[in-house]
Every structure is written in structure tokens, then in C-alpha cells.
Amino acid sequence: MAKHYNFAAIEQKWQDKWQSEQCYTVKEDKGPKYYLLEMFPYPSGRIHMGHVRNYTIGDVIARYKRMRGFNVLHPMGWDAFGLPAENAAIKHDTHPARWTYDNIDYMRGQLRRMGFSYDWQREIATCGAEYYRWEQKFFIELYQKGLIYRKKTTVNWCEQCQTVLANEQVIDGECWRCDSQVIPREMHGWFFKITAYAEELLADLDKLGGWPDKVLTMQRHWIGKSTGAEINFPIEGSTKKLTIFTTRPDTIFGATFMSIAPEHPLTLELSKGGSTEDEVKEFVERTKAAKQRASYGEELDKEGVFTGSYCLNPFTGRRLPIYAANFVLMEYGSGAVMAVPAHDQRDYEFAAKYDIPCLEVIHPPTAEMPEDQAYEGPGTLINSGDFNGMDNIRARAAITKAATDQGFGRPKTTFRLRDWGISRQRYWGTPIPMLNCGKCGIQPVAESDLPVQLPTEVKLAKSGKSPLQQLPDFYETTCPCCGGPARRETDTMDTFVESSWYYARYTNPHYKEGMIDKQAAAYWLPVDQYIGGVEHAILHLLYARFFTKAMRDMGYLNIDEPFTNLLTQGMVIKDGTKMSKSKGNVVDPSTLIEKYGADTVRLFSLFAAPPEKDLEWNDKGVDGASRFLNKVYRFVDANRDLLKSHTEPDKTLNQISRNLERKTHQCVKKFSTDIENNFHFNTCISAVMELTNLLLAAPDNDRQEKVDPHIIKQTVTAIIKLLYPMVPHFCAELWEMTGHDGLLDHTAWPEFDLQKAKEDEITIVIQVKGKVRSRLQVSLGTSDDELREMAVNDEKTKKFIGNKPIKKIIVVKNKLINIVI
RNA sequence: GCGAGGGUGGUGAAAUUGGUAGACACGCUAGACUUAGGAUCUAGUGCCUGACGGCAUGGGGGUUCGAUUCCCCCCUCUCGCACCA
């Protein structure tokens, strides 16, 4: 016999069939729909193990749901814009488009070779104008609605990539893509007003019960809502006011100074003409430089300088010196804060350094005020005028109301979330469909001129100006309003824009009338199950949620949230670290497929760990998976005739037949439960392995008893059906070998019979003082009294009881007896 | 610093209304069949012990007849956030 079943031939055969018969092409149809989506890949060149794992998990679910009778949408495509294409083009002297499409062709072949059941009719590449033209149209619609704007601000600049990054794309102070240090830089750029949806993005997280808590928590924190008050402090000797945001209005009577961000527009003005002017100027410059130099996460020593001006506390009239302070963030709140050293640790440290007085206004309920730090806990107000004696939580509302009534304050909610900057100074991205006319100003491109095509003739260089800025043929245009000369926007969009709506485009990817075919979208959306890496917990998932809400408000969709259930699969690890080229521990899927076949690779990546955990790659483990499939194959092959023949159920089963029947039903039960429960395929597979072990031991010629052929057939059928979603070529072949026609995809999932799954004999553990001392074999319904009787008379047990008196006997039904002495 | 989630054999992992710890698999040991084996099959395999038995789910304490599971303290690893007022 051959060492291995001929996986190469079998896999080829079924892949050809699935493709030529278009088995996985779907349309809006009767029956419950199920939209399964895995995060689409960047076409970097080759599929890696992370893809294999992600897409295998997805394919199992897709096939499983089909067997359960769902109309399953399972599309695949390419997140095809992005910087690596430009870098590769420079390096290999080719064109980004060429490089990208070559990669796509290669990777598509690899995915086909894995046997994934995609509807390839729906394939999308986001770098095609037929895709991005709708993105440009939508951009203009959002612009007209006021949800997109242009501003000059401090942005995150990656010198390596020569482009701006969004806040979400800066990871630990480094570029998410190339890991080089990000530096602040002042630039103009286009922004999506994601903050307009901050409240809803936060609130709707509560609707996402099918998402991991970890991701919900991260998003909640990223959005960072905090409620408090905005208060205007009059500036002494000026008509101007200094506006601050605080979450602790209850401490306002304890303010002893004010802190203002160095970049704040008032900072220089406040010292103008005074003795402090030079000092303040110098401080502002120095802080700016220090912030650029500071490595990420490094907390600068608190430092500040007196501006020479004072604010007046609107409640008390107390003079509060205004300091420019290096720890005050311009980007959050109003860029200025009231400082209450007694009740804020940062203010305390600053005050201690510059010898500014503290004033206690919140008295702790029990303990004394701490000596050498701020007290930030709850308490009762003191030194606070009319509010003395009030609980500090209640005082927050009361003081805010008083400030509101007197006209110098109001309740205020602030978010940590900032608007999404999408301008990229790169070539390989969607052109931003805007232009600048000397007469008419910034204007959107006329709809009839869409799409703004990326020019194909382009010179790319390692550094220097943005490529489109060097193409007059591209940027020289005419104004749609006045017909005069105008200059096109030469920045392109962040590639996260394409991935924010691709899931919706899949519902009718070649729709020519607009961005979204509303009917198709209404049928398929939302995505029932989304699968991808946890590294997108903030980035992509937040942007896609925002886009969904914006598309809904523009009338394209009728859903609030795109992804009902989210599975974040763990990384693929080898030798304790993430697989990566730089670490030299990558395993190439194609090599493995050649050696073992796609089914074995699929099986191992499902078996080695539950999907949400990291998967430790182990070549020997792959051998094990292969061995298992071969074992099953050999059995089916050797019993072909029996399995093809017609059998009748035997009324009275002998012991070993009954055992196998029972195990089969138990296995179907466990498998079905575990797959529904968080897709724990690893335990599903182990259940089938157990069943297989029992099956293979069954037809032993040395035995007196023979297993009923009908039961063998039943067991084999169950194994084939259960494993089909995981190892589809293998099972399709076995299905055919055992005399069946038709695709298993549309064959009903096996049922189990609780009665048949039931054990008639069970093992009862006997414990003495909580330690296992003996075991009893009893029939299922044995009464507590009988069990008690048997337990105390058990020889082994007696030895441990000795002549000590029995205090108590605990009986747990069908499980154990504990004798307490 | 704050927040979240982990820590179980040589390895990947099972085990939840608290009830047989280690299913399944890898590896390892011995044997069988073989010209050969990185194929296949059989048996064994948490640790200590000659055995009876004892000890074991990061460490320590607690609740309980009984704790991987619940509570408290500590150690450690991973991830997220990081002066957000």
C-alpha cells in the first residue's frame, strides 16, 4: 500500500470541480443568509501562515454553515493600494500596478490551492478605478455634508515612508508599517470628521455582544469620553478669557494657578511686552524641540514658566498666575487647565517645584490628607464658599450649574478620539478628488470627471517630493466653477479608506450605478461573522464602523454596525516568537502543501490551538495530522465494499457495536456543541480522533464479536461529514468512494440521538476524605442508597476508613461518593 | 503608572452551575513487522517510590466534605494605553 493517500491528485480533482461548476457562487436567494468575511490580504507577494490560519478558520465556518442550510456569502479580494508596492517598484524597477497585479495572480493561485470556498466572481482589487471611483464620489458627498475638511495641524510624519500617518497608525511612537520613529510636523491635510460620530461609536459598542471584550475595551478607551465642565477664567487686565476643560469642577475653589500649553495661541500674547516675554519665548521653543526629541512614552520632567499674566477665579476672584507648562496638551480639551495642586498629582508636582501654594478643598471621609501627594479620592467640600459640606460628586453638578447660571461655564464632554487624517504624500493610493482654484478656492472635482485616475506614467524615487506633485499633466486642470486654471490635490488617501467599505461593496462588487447596490446590501448585511487579527482592534475596525454610520446617513446602508460577530485569531508563533522574515523563522505554506497537501495543513492549524489563541507551529505536529488522515483513508479504502453496500440496522446490537454507536452519537454531539461555541475546532477534532481510534479497533478478526456493518457505516458517514468543513477535498473523495454523489456542502449536518449517546454503565468514584480511593461500575440509574451501601462495603475503601466512624457521606449523582471520616 | 488577559506534564493543549486533573496530539521508551524506516502496528509514558503510598494546575493563605475552577495577598508573562486635566 502507498505511504500516503494521493492528496495531490485528490485536491486537484476537487478544486477543479469546485471551480468549473462554480460551486460557491451565490446570489440573493431564499433561505437564511450568512455573510462570512475574513479580513482581505494586502498582496505582498506570497501567502503566509497567518493568512493560512485566518482563512482556514473562515472556510471551516463557511462550509459548516452551508451544511446547516445557510445561503453563505464568502468573498475574497485584495487590499491593493499601499506603500510596499512603491518601494518594490523602485527596488525592482517595475511599476506598482504591475507588481501588485502579479502578486495578486500568484496569491490567488495559492488560495485556490488551499481549497477555500470563495465566490471568486466577487473578487475585488481596491487599486482598480472601478473600485476607487466610488470612494472618490463618496468623498465628495462627505465633503459637501461637512464631514470632511482640510486643516493645517501638527501631524505624525514618518521620514522613512515620506508620509503622514493617522494617530491610530502610530504604534508606540513608531510607524505601524515600517517601525521607524514618527516625528511631529506641521502640514495641511484632509480630515474625516470621525469625531462627529464619537458618541455613537462609543454607545453602539454595547450592541456588539459578539465581539471580544478586549476589543470593545480598547475601542472604548481609544474614544475616551470624559464629562466635566468648560469654564472661562477672565484674564486680569484684558477682555479676553482663558477657557479650560475640567472633569473636576468640584475642586475649582482649590485652584491656585493656571497651566497653558506652550503651543496655545495665548501663550506668547500673555507675556508680550512684559519682563517675562523673552523667557516665555525661549521656553516655548525649547519645549517644542524637547517634544520632538523625546522618545515615545518618556515622561518629560514637569517644567514651566510664568507668563506674567493672571487669571481671576470666577467664583472667588482669587488671582491665579498663568504658567506655560510642558505637560499641558494642546490637542486635548482647550489646551489650558486650571491647576489644583491639592487634588491633582500633576499639579501637585508642578506646584512643589515652583513653590506655588496648595489649598485643600476636598476633605477625605476617613483618613487625613496625604502629606506628600495630591488627594484625588472622594470627600466633602471645604474652603468652597456656598458649597461647603457638600459631597464632592454632587458638587460637580452643582458647581457646573452655578457656573452655567452665572454665564461663565457649561457642562462639556470631551473625547480623546481625534479626526482621522487621511492625506498621504504617496503615489499608490486613491487620488483625493479635490482641486484648488485661484479664484474659487478649494473645490471638489465635478462628478462627471470622476474617477480621477491615477496616472500610469510616473517617476518614483526613494525620497523627495510626493510623486504626483511632479506630474504637471496630472495636477494642472481647470476649475469646474469658473473654467480657469486650477491645481489638483496631489495627495492620495490613506489605504485604510478602501478597507473601510469593501465589506459592503462585496454585496454587489461590480455594480455600475453607484457605490452600493442597496438591495443587495439590504439582503446580505451586516456581516454575520468577521475574522481577522487583533492588530486591527482599533485601526481598521474603528474606521469601518465610522464608515458604516456615514454610509447609512448618506442613504447607502440601513445598518448601524457592520460586523455582528468578530473573531480575532491569534498569531502564528514559531520558536516562541511571531513568524517573520527578520527573525528567520517563517514556514512557507506552499512548501508544506507540496509535502503534505492542503488538507493536512488545514487540519493542523485548526487542531494545534483554539482560534483565538496563538498557535505554536510544530512540524512534527503536521506529521501527526497527516498520519490521522492517512489512517482514516486506509480504513475507508479497505472497507469500500462494506461501506458501499446496503445495510439494515440490527435491532439488538452486541456490546462492541453498541459502544461504537454510542461513541458516534457522543462525538456528533460534542462536535456540534464545540463548533457552535466559539469555534473550538481543536476539541472537535480530538473528538473525531477518539471516535476514529475506536472505529479502527473495531473490525479485529481475532475478536469473537463482530461490529455490526450498519454501525460501521454510520460511524464512517459521521466522520466524513463532521470533518468535511475542515478537510474538504479529503472528505469529498471519501464521500465519493463510499458511493455517494453530490456535494457535501448541501448534505445535512449529522444529527445525534441523545438516547443513543447515553451511557448505560458509568464509573462512580469513591473518595475518602476527598481523595480518590476506589471506583465502582454501576448502571446508570443506581439509587443513592445503593451507592452508599456499595461504597462503604468496597474492600479498598474499607482499608482507608479503618475503624474510624463515618461522619458523613456525600453522593453526587452519576459522579462520585465522598466518605468523610 | 493605569487597564485587560494569561501561567496546567518534556511540548501543543483538554477539563466551568466546584466533583476522577492531563482527553486528543507531538515527543520519548520498549517491542512487532521489515533489506531499510522519518511507513505501519502493539504496549508504556505527570513527578517521587522497590512497593504501599505520597506529591502535583506560578507561590502563599482562605472558604468547602471536595478547588485548575470561588475569595485575599504576592510573583511572573503577554497585550493595550501612557502627563487626556
Side-chain angles (χ1 to χ4, degrees), chain A residues 1-4 171-173 212-222 224-226 228 244-248 251 259 296-302 325-329 331-340 343-347 349-350 376 414-418 534-535 537-538 571 573 604 607-610 612-625 627-628 630-631 634 670 674 680 682-693 696 763-775 799-800 807-821:
Chain A
M1 172 164 334
K3 277 186 185 175
H4 298 288
I171 314 288
D172 290 345
D213 287 339
K214 179 189 164 93
V215 176
L216 296 176
T217 306
M218 282 169 69
Q219 291 219 354
R220 243 175 230 122
H221 187 233
W222 190 265
K225 178 178 178 174
S226 54
I244 61 103
F245 169 73
T246 181
T247 56
R248 294 295 305 275
T251 63
S259 311
Y296 183 80
E298 177 187 342
E299 201 163 298
L300 298 169
D301 283 339
K302 287 186 180 46
N326 65 347
F327 64 93
V328 179
L329 306 173
E331 315 86 68
Y332 184 78
S334 61
V337 292
M338 68 175 193
V340 186
H343 303 291
D344 183 288
Q345 187 59 26
R346 294 158 300 189
D347 296 342
E349 286 167 25
F350 191 85
E376 298 182 338
T414 323
F415 292 91
R416 184 184 174 280
L417 180 72
R418 319 262 166 78
V534 73
E535 65 272 18
I538 304 289
M571 289 184 301
I573 302 284
F604 176 73
F607 179 62
E612 73 280 4
K613 282 187 72 168
D614 286 348
L615 183 153
E616 173 76 34
W617 195 262
N618 177 348
D619 294 338
K620 293 287 190 180
V622 183
D623 276 329
R627 205 173 297 157
F628 168 72
N630 278 301
K631 259 199 297 200
R634 278 196 300 273
K670 180 171 172 55
D674 287 358
H680 277 195
N682 56 330
T683 52
C684 291
I685 294 167
S686 73
V688 177
M689 284 176 168
E690 278 185 63
L691 179 61
T692 303
N693 290 342
L696 298 201
T763 305
I764 302 280
V765 164
I766 307 179
Q767 296 183 336
V768 179
K769 277 174 74 180
K771 297 203 170 181
V772 179
R773 297 303 184 186
S774 184
R775 289 178 169 82
K799 218 170 73 187
F800 287 93
K807 285 191 198 148
K808 191 155 64 157
I809 299 179
I810 288 150
V811 181
V812 182
K813 206 163 172 44
N814 299 334
K815 285 267 165 69
L816 62 71
I817 300 166
N818 190 6
I819 300 169
V820 188
I821 53 173

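Here is how names work: the chains are called A, B, and so on, in the same order as the sequence lines, proteins then strands, and each is numbered from 1.
- Counting only heavy atoms from C-beta on, A:Val328 has its side chain closest to B:A85 among B:A85, B:A13, B:C81.
- When the C1' atom is used for both B:U76 and B:U57, the distance is 16 Å, rounded to whole Å.
- In this structure A:Gln345 satisfies the side-chain hydrogen bond (donor to acceptor under 3.5 Å, both in side chains) test together with A:Glu349, sequence neighbours excluded.
- Taking atom C1' on both B:A4 and B:A39, the two are 48 Å apart, rounded to the nearest angstrom.
- Annotation: B:G9 and B:A56 have their C1' atoms spaced 10 Å apart (nearest Å).
- Not one N or O on the side chain of A:Asn682 forms a donor-acceptor pair closer than 3.5 Å with the backbone of A:Ala609.
- By the side-chain hydrogen bond (donor to acceptor under 3.5 Å, both in side chains) test, A:Glu616 pairs with no residue at all, sequence neighbours left out.
- Scanning all heavy atoms of the two residues, the minimum distance from A:Lys214 to A:Val534 falls at CE-CG2, 3.8 Å.
- Across B:A85, B:U20, B:C83, the shortest atom-to-atom separation from the side chain of A:Thr247 is found for B:A85.
- Going from atom CG of A:Asp619 over to atom C1' of B:G38 covers 13 Å, rounded to whole Å.
- OP1 or OP2 of B:A14 lies within a sub-4.0 Å distance of a side-chain N or O belonging to A:Asn682.
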> What is the per-nucleotide protein-contact pattern of nucleotides 24-33 of chain B, from the 5' end, where B denotes a base atom under 4.0 Å from a protein heavy atom, S denotes such proximity for sugar-phosphate atoms only, and - denotes neither?
Replying inline: BSSS------
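- Taking the P atoms as reference points, B:U17 lies 37 Å from B:U49, given to the whole Å.
- Looking at residues two or more places apart in sequence or on another chain, you find no side-chain hydrogen bond (donor to acceptor under 3.5 Å, both in side chains) involving A:Arg418.
- Contact annotation for A:Asp213: no contact, since no heavy-atom pair falls under 4.0 Å across all strands.
- Shown here for A:Tyr332 and A:Phe415, the closest heavy-atom pair between the two residues is CE1-O, 3.8 Å.
- The two residues A:Gln219 and A:Ala537 come nearest to each other via the heavy atoms NE2-O, 2.9 Å.
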>> Between A:Lys620 and A:Asp623, is the side chain to side chain contact (heavy atoms under 4.5 Å, CB included) condition met? List the steps.
In response: CA-CA 5 Å; A:Lys620 293 287 190 180; A:Asp623 276 329; 4.1 Å; yes
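- Taking atom CG on A:Leu216 and atom C1' on B:G80, their separation rounds to 14 Å, with Å as the unit.
- The side-chain heavy atoms of A:Phe800 and A:Ile821, taken from C-beta on, include no pair separated by under 4.5 Å.
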Polar atom pairs (N or O), protein with nucleotides 63-69 of chain B, under 3.5 Å:
from	atom 1	to	atom 2	distance (Å)
B:C65	O2'	A:Asn818	ND2	3.4
B:C65	O2	A:Asn818	ND2	2.5

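- Listed for the A:Asp344 side chain is no donor-acceptor partner under 3.5 Å among the backbone atoms of A:Ala339.
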> In dot-bracket, 5' to 3', how would RNA chain B read with Watson-Crick or G-U wobble pairs under 3.5 Å, [ ] for crossing ones and | for pairs to another strand?
Replying inline: (((((((..(((......[....)))((((((.......))))))(((....)))..(((((..]....))))))))))))....
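- Rounded to whole Å, the P atom of B:A13 lies 16 Å from the corresponding atom of B:C26.
- In this structure, B:G9 shows a glycosidic angle within 90 degrees of zero, which is the syn conformation.
- Out of B:A85, B:G19, B:A21, the shortest distance to the side chain of A:Phe245 is found at B:A85.
- In this structure, the nucleotide among B:U40, B:A15, B:G19 sitting nearest to the side chain of A:Lys815 is B:G19.
- When the C1' atom is used for both B:U45 and B:G22, the distance is 12 Å, rounded to whole Å.
- By the 4.5 Å heavy-atom criterion applied to side chains, A:Leu696 and A:Lys631 are counted as neighbours.
- Looking at the side chain of A:Asp344, the nearest of the listed nucleotides B:U40, B:A85, B:U20 is B:A85.
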Close N or O pairs between protein and nucleotides 5-7 of chain B (under 3.5 Å):
none

Provide a list of protein-nucleic acid N or O atom pairs under 3.5 angstrom, restricted to nucleotides 54-58 of chain B.
from	atom 1	to	atom 2	distance (Å)
B:G54	OP1	A:Arg773	NH2	3.1
B:G54	OP2	A:Arg773	NH1	3.0
B:C55	OP2	A:Lys771	NZ	2.9

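- Evaluation of the ring pair (Phe, Tyr, Trp, His ring centres under 6.0 Å) rule for A:Phe350 yields A:Phe257, A:Tyr323, A:Phe327, A:Tyr354 as partners, not counting sequence neighbours.
- Between A:Asn814 atom CG and B:U20 atom C1' there is a gap of 14 Å when expressed in whole angstrom units.
- For A:Lys799, a side-chain nitrogen or oxygen approaches OP1 or OP2 of B:G53 to under 4.0 Å.
- Heavy atoms of A:Lys670 sit nowhere under 4.0 angstrom from any nucleic acid atom.
- The residue A:Ser226 sits close only to the backbone: its heavy atoms come under 4.0 Å of sugar-phosphate atoms, none of a base.
- Here A:Glu612 pairs with A:His680 under the side-chain hydrogen bond (donor to acceptor under 3.5 Å, both in side chains) rule; sequence neighbours left out.
- When all heavy atoms are compared, the tightest approach of A:Val337 to A:Val328 is CG2-CG2, 4.1 Å.
- Nucleotides B:U69 and B:U20 place their P atoms 13 Å apart, quoted to the nearest Å.
- When heavy atoms are screened at a 4.0 angstrom cut-off, A:Val688 is found touching no nucleic acid atom at all.
- With sequence neighbours left out, A:Arg416 forms a salt bridge (charged side-chain N to carboxylate O under 4.0 Å, His left out) with no residue at all.
- A pairwise comparison of heavy atoms in A:Asn818 and A:Lys769 identifies OD1-N, 3.5 Å as the closest pair.
- Residues passing the side-chain contact (heavy atoms from CB on, under 4.5 Å) test with A:Phe607, sequence neighbours excluded: A:Ile685, A:Ser686, A:Met689.
- When the side-chain nitrogen and oxygen atoms of A:Arg416 are compared with OP1 and OP2 of B:A82, one or more of them lie within a distance under 4.0 Å.
- Among all heavy-atom pairs drawn from A:Asp301 and A:Asn326, the shortest one is O-ND2, 2.8 Å.
- Taking atom C1' in both B:U11 and B:U16, one finds a spacing of 25 Å when rounded to whole Å.
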